[in-house]
Amino acid sequence: RAGADDGQRRVTTAMPKKDSAERIKMIDTSSPRGTRDFLPPDMRLRNWLFGHFRAVSESYGFEEIDAPVLESEELFVRKAGEEITQQLYNFEDKGGRKVALRPEITPSLARLVLQSGKALPLPAKWFAIGQCWRYERMTRGRRREHYQWNMDIIGCQGITAEVELLSAITTFFTNVGITSEDVGIKVNNRKVLQAVLEKYETPPEKFAPVCVVVDKLEKLPREKIVAELSDLGLAEETVEGLLNSLTLSTLEELADIVGEDNEAYMELQQLFALAEAYGFKDWLVFDASVVRGLAYYTGTVFEGFDRAGTLRAICGGGRYDALLAAFGGESKPMVGFGFGDAVIVELLKDKGLLPSPPHSVEDVVVVLGDDQQRLNASGLVTRLRQSGRKVDFILEDKKMKWVLKHSDRVSAERLIIVGDREWQEGNVRVKMLEAREEMDVPIAEIC
Ligand SMILES: CC(=O)Nc1cnc2ccccc2c1
């Protein structure tokens, strides 16, 4: 019963009273806090964006995967202090299982790799477009869900994998009209930070938590970062050496600090050389301060940014060779990126590149006659659709004025009128709406 007195809202299925004075109280029609609805215009834009994600993934020979939005919580429980794990949308289900809505896709992808075991031919090139969740205190009023495009290469330990992914990202940007003047991709390698920590004999388990803190450098004042690093047990000289290494601006300076035989230096050298050969080097910027905020990155890291500096990171990724071992599996080299559906839309708006894809059908079919003509029209519509036409069949008697306005609204090419007299003569009446021509067309020739 609606409005039951126990305060629990139940939807009644009883027929509403005919002329009831009191109507049933309207439900809240807005979507839950931090989430979005996609009405047709929004869905057309989303399909346009995801269509580009998919087209690039397929042009790079990647195969699509998906996994449940709901995962075991253990997939995401990490102790490195990441924001993403502190905002887990987790709960205990009716079976007492600790579950969570995925905040990212990479752990699910790793689970699928472990599940496939030795049967998985390597290298595997997988992509996914999936909804991800976080539970934010609404004080910040930020969204609690977004869709993320991921591309990952499993089983390739060389820098060639990173460069393939960076190429895919620049191809996506180019395909939607964004240039390397609008956007750059900062590239770094966490092995720099690792070398510095080792130089000061820092225990290896500090590596991931240090990266998580360093990633907040642009968001928090320096002294806060220094304090958090000291709280992790880093000596003062380690903190100084570490923060100093983030200010390097060229690979040559890096070589001076870590030596030309350092892995990070060699890998970055190779990355830039390969990028030049692909032709997208002018998108890349070496930036020693980029570490990304996810605990599991071990090598190359990168993030797309708008050169105007007004937006948050557009996308990000890196190499995470140790993730399978963290799940108790046999290690395999892995590298990938995540690309959210929020910042890119803001960027496209700023650049005047956001399309508004129209709802379009090809044929509108309307009946101007008796029941027999509706039967005739039904057969005609079926034949039109089987011949590949997109047909909006007017299902009720409508005035021609409404039909013409509707045909314009759905950007139809043709209005096909099934009428008694024409049908007797073996024809239908066709209005070519663009050319504003009207003619009788033999029924057999309409497809
Ligand atoms: C700009 C934006 O909406 N970001 C966003 C929104 N929802 C998320 C949900 C889970 C993880 C990260 C997320 C990030």
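All values below were derived from every heavy atom in this structure, side-chain atoms included, with hydrogens, water molecules and symmetry-related copies excluded. Order of listing sets the numbers, starting from 1, for every ligand and every atom in it. All of these numbers come straight from a predicted model, not from anything done at the bench.
Residue contacts with ligand 1 do not include E104, since none of its heavy atoms lies under 4.0 Å from the ligand.
Given atom 1 (C) of ligand 1, the protein heavy atom at minimum distance is R312 NH2, 3.3 Å. Nearest to atom 12 (C) of ligand 1 among the protein's heavy atoms is H146 NE2, 3.5 Å.
Residue A342 approaches ligand 1 through these ligand atoms, each under 4.0 Å from one of its heavy atoms: 1 (C), 2 (C), 3 (O). The contact set between ligand 1 and E145, taken as ligand atoms under 4.0 Å from a residue heavy atom, comprises 6 (C), 7 (N). Of all atoms in ligand 1, listed by their number and element, those nearer than 4.0 Å to a heavy atom of C132 are 9 (C), 10 (C).
Counting heavy atoms only, R134 comes closest to atom 5 (C) of ligand 1 of the residues Q131, Q87, R134.
The pair E104-R78 meets the salt-bridge criterion, with a side-chain N (NZ, NE, NH1 or NH2) lying under 4.0 Å from an Asp/Glu carboxylate O. Classification of K118 and E330 as a salt-bridged pair holds, one side-chain N sitting under 4.0 Å from a carboxylate O. A salt bridge links R102 with D66: the closest approach of a Lys/Arg side-chain nitrogen to an acidic carboxylate oxygen falls below 4.0 angstrom.
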Notebook entry, point to check: Should E164 and Y278 be marked as a side chain to side chain donor-acceptor pair (under 3.5 Å) after you check the CA-CA gap, both sets of side-chain angles, and the distance that decides it?
Noted result: CA-CA 9 Å; E164 186 74 343; Y278 268 78; 2.5 Å; yes
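When non-hydrogen atoms are compared, ligand 1 lies under 4.0 Å from the backbone of P103 (N, CA, C, O) but not from its side chain.
The aromatic rings of H52 and W48 sit perpendicular, their planes meeting at an angle over 60°, well past the 30° parallel limit.
Less than 6.0 angstrom separates the ring centroid of Y89 from the ring centroid of Y135.
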